[in-house]
Amino acid sequence: MHPPEGDPTHPRTPPPRHRPHESALTPGDSARYDVRFASRAAGIVSSVMRDLMSLSERPDIISLAGGFPNTESFAREMFDEVIEVVARDHLASALQYGPTEGLLEMRERIVEIMGGDGARVGVDDVMVTTGGQQAIDLSIRTFVNPGDTILAEGPTYPGAVPCFTTYEARVEHIPMDGDGLRTDLVEEALSRLAAEGRTPKLLYTIPNFHNPAGVTMSLERREHLIRLAHDRELLIVEDNPYGQIRFEGEPLPSLWELDDGAGWVIHLSTFSKILSPGLRVGWVAAPASVLRKMNLGKQAADLCTSTMSQRFIIEYMRRYDWRDYVQRLNGIYRSRRDAMLRALEEEMPPEAVWTRPEGGLFVWATLPAYLDTTHLLASASEKHAVGFVPGRGAFLDGRGGDSMRLNFSGVPEAVISEGVRRLGVAVSEMTELHRALGGLT
Ligand code: PMP
């Protein structure tokens with residue numbers, strides 16, 4: 001208990017005095033570190049999304065850049081109740097280290113979630129991770145040596161780019177269309193690479209409501225991909241943070257489910273989109289020998305995922321049906337998506353195209369090729385106070401310059417409309433400039 005304010009028997013310890021830190025180092029001194037950086041640190045590329053986080057902190061700006069789920073609709077009473085139970089019944093263990101693979105009850109809940117979608121999975125097939133992000137990092141670090149080839153959609157998840165560059169992967173992008181990953185082109189790439197003596201270590205894919213592309217892999221493509229995995233021995237890392245965030249259409253079986261225990265799929269997911277990204281709890285389902293290696297990697301990275309967060313989720317799921325909350329979120333996202341699609345229709349030039357996602361958090365828009373969205377972002381954010389993720393951040397080969405990712409989950413409808421209106425103004429200014437310079441015939 002805190003002593004009461006002003007109690008003379010408990011003199012308050014004065015707060016420590018902080019001096020502003022003045023570094024004695026000059027910019028030139030950074031050379032001492034430059035010569036020491038490991039090649040994987042020297043070559044690492046920041047995720048554009050992270051760089052753009054600062055945009056969302058500017059109060060005047062409308063940020064369509066973040067991938068923020070809506071966390072405002074989580075009821076305070078629910079939070080209070082769950083925290084109260086954790087404090088009453090599990091305080092010591094919630095404050096303690098836990099097993100690297102995660103608390104057993106946590107893994108049981110994960111098995112329920114995956115099983116509810118029709119997947120065959122047991123508690124020993126699952127490891128709890130610190131967000132889905134760690135599951136991506138562990139997948140790549142477990143399989144990729146410097147210079148190894150991996151396949152990924154083009155565009156790919158901008159947040160996976162630092163994982164690919166850290167472990168010095170050579171990424172071959174495979175195009176998508178409205179039905180998701182072009183699996184015919186995966187087949188083609190496998191043959192071309194084989195002729196060059198290169199065998200991809202794995203394919204990283206986001207089949208549901210792709211980040212950033214917004215599209216979903218059709219059932220036919222999923223089946224084709226699994227056939228390819230089996231016939232060509234292609235290991236698939238299926239990243240599925242958005243599977244539950246569907247506001248239209250029928251759910252499709254996961255690649256994990258279609259693989260049916262053959263061991264060619266590693267499945268990643270997270271509580272970030274169905275509950276809260278602040279809790280930092282995700283998971284990986286994988287064959288036993290892969291999970292053992294990933295477990296060692298996780299021991300090195302952080303020993304275990306926050307037991308406090310795991311306990312919060314266990315007690316939350318025990319008391320409430322998590323699907324009710326997700327359904328409420330999906331209703332909100334659906335209206336926000338509609339607002340964004342309406343605004344794009346009104347504000348974008350006729351040559352622009354964009355995806356119409358049935359779930360997830362993002363629309364991917366492609367502008368006329370003469371517009372560069374990295375330049376556009378500079379003027380859009382400085383002059384018109386609106387932000388987005390420029391497409392280049394989703395490719396490792398310099399492509400994506402004409403595209404952008406727009407988030408609709410984190411911003412109310414009226415703000416989305418205003419944000420897209422501002423974006424439209426920025427786009428037409430750039431188009432005018434291009435015309436004035438004689439670029440258009
Ligand atoms: N994968 C994808 C495709 C994502 O979009 C995200 C979140 N933006 C993640 C993984 C990581 O999410 P988290 O670490 O919050 O679980």
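When a ligand or atom number is given, it counts from 1 through the structure's own listing order.
Residue contacts with ligand 1 leave out Phe271, since none of its heavy atoms falls under 4.0 Å from the ligand. Contact annotation: Gly159 has no heavy atom less than 4.0 Å from any atom of ligand 1.
Closest heavy-atom approach to atom 14 (O) of ligand 1 within the set Lys273, Arg280, His210: this belongs to Arg280.
Considering both main-chain and side-chain atoms, Gly131 never comes within under 3.5 Å of ligand 1 through any nitrogen or oxygen pair.
Set against the non-hydrogen atoms of Ser272, the atoms of ligand 1 under 4.0 Å away are 13 (P), 15 (O), 16 (O). Near Pro241, meaning under 4.0 Å from one of its heavy atoms, ligand 1 places the atoms 1 (N), 2 (C), 3 (C), 4 (C). Set against the non-hydrogen atoms of Thr270, the atoms of ligand 1 under 4.0 Å away are 13 (P), 16 (O). For ligand 1, the atoms closer than 4.0 angstrom to any heavy atom of Gly132 are 13 (P), 14 (O), 16 (O). Taking a cut-off of under 4.0 Å to the non-hydrogen atoms of Ile206, the atoms of ligand 1 that pass are 3 (C). Atoms of ligand 1 lying under 4.0 Å from any heavy atom of Gln133, numbered from 1 in the order shown and given with element: 11 (C), 13 (P), 14 (O). Residue-ligand proximity, Asp239 to ligand 1, at heavy-atom distances under 4.0 Å covers atoms 1 (N), 2 (C), 3 (C), 10 (C). Counting the atoms of ligand 1 from 1 in the order shown, those under 4.0 Å from a heavy atom of Ile136 are 1 (N), 10 (C).
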Please test Glu112 against Arg107 for salt bridge (charged side-chain N to carboxylate O under 4.0 Å, His left out), starting from the C-alpha separation and ending with a verdict. CA-CA 9 Å; Glu112 270 169 37; Arg107 287 182 288 127; over 6 Å; no

Kindly determine whether Asp397 and Val171 satisfy side-chain contact (heavy atoms from CB on, under 4.5 Å), including the steps that lead there. CA-CA 8 Å; Asp397 59 5; Val171 179; over 6 Å; no

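The aromatic rings of Tyr316 and Phe312 sit parallel to each other, their planes meeting at less than 30°, with 60° as the upper class boundary. In this pair, Phe395 and Trp364 present their aromatic rings tilted. The plane angle is within the 30 to 60° band. Ring pair Tyr325/Phe74 is perpendicular by interplanar angle, where above 60° counts as perpendicular and below 30° as parallel. Between Phe164 and Tyr204, the ring planes lie perpendicular to each other; the angle is over 60°, past the 30° to 60° tilted range.
Ring centroid separation for the pair Trp283 and Phe271 comes in under the 6.0 Å cut-off.
Side-chain atoms of Arg198 and Thr149 include a donor-acceptor pair closer than 3.5 Å.
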